[in-house]
Amino acid sequence: MAAALLVGGVSGLHFVSQGRLPISRHAAGNLLLQARSHNGLACAHQLVGDLDQARRHWQSALAQYKELGVPEAMPVQARLNSARTQPGE
């Protein structure tokens, strides 16, 4: 039995199976917004010197971008690689 992820609001609930069913456009839109939010939070944490939190958010954003197969994954991967070479605060 595959695990499922519940995404969407009350008016648009969707179950996304782990790679077994295509992601609906609504769910993909939510996932993209979540990924962009994680990326923005990562940048904010980086600016204030909290690289550990920045890395966590970039890792989340990267995982979501990769799941969606969007090109935004590449610059996030580069930022994450760069942040990994810097000591955390």
Side-chain angles (χ1 to χ4, degrees):
M1 183 170 175
L5 170 68
L6 178 65
V7 294
V10 174
S11 63
L13 295 178
H14 298 276
F15 282 94
V16 180
S17 175
Q18 292 181 338
R20 302 242 172 126
L21 297 173
I23 297 175
S24 72
R25 287 189 350 181
H26 179 75
N30 286 342
L31 196 58
L32 184 60
L33 288 175
Q34 288 175 20
R36 287 179 177 162
S37 296
H38 279 295
N39 188 33
L41 287 167
C43 291
H45 282 291
Q46 182 187 36
L47 286 174
V48 297
D50 189 351
L51 291 180
D52 290 333
Q53 282 295 333
R55 285 184 201 104
R56 286 185 191 103
H57 284 290
W58 276 322
Q59 288 167 342
S60 295
L62 182 61
Q64 291 170 330
Y65 284 145
K66 283 183 174 182
E67 182 177 343
L68 293 167
V70 295
E72 286 95 329
M74 292 186 321
V76 171
Q77 181 69 67
R79 287 186 187 113
L80 187 55
N81 291 344
S82 177
R84 284 182 176 145
T85 64
Q86 301 171 18
E89 297 281 322

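For the numbers below, each heavy atom of this structure counts, side chains included, while hydrogens, waters and symmetry mates do not. All values derive from a computational prediction rather than experimental measurement.
In the hydrophobic clustering of this structure, V70 groups with L31; members are Ile, Leu, Val, Met, Phe, Trp, Tyr whose side-chain heavy atoms approach within less than 4.5 Å, directly or through other members. Hydrophobic clustering (ILVMFWY, side-chain heavy atoms < 4.5 Å, transitive): L62 and L32 are in one cluster.
Taking the six-membered ring where the residue is Trp, H57 and H45 present parallel rings, their angle staying beneath 30° rather than reaching 60°.
Counting only distance, with no hydrogens or angles, the side chain of R55 and the backbone of L80 share no donor-acceptor pair below 3.5 Å. In terms of modelled atom types and a separation under 3.5 Å, the side chain of S82 and the main chain of A78 share no donor-acceptor contact.
With N39 as the fixed residue, the side-chain contact (heavy atoms from CB on, under 4.5 Å) test singles out one of Q34, E72, R79: R79.
Within the 4.5 Å cutoff, no side-chain heavy atoms of R36 are placed close to those of Q64. Counting only heavy atoms from C-beta outward, the side chains of W58 and C43 approach each other to under 4.5 Å.
Scanning all heavy atoms of the two residues, the minimum distance from A35 to A61 falls at O-CB, 3.4 Å.
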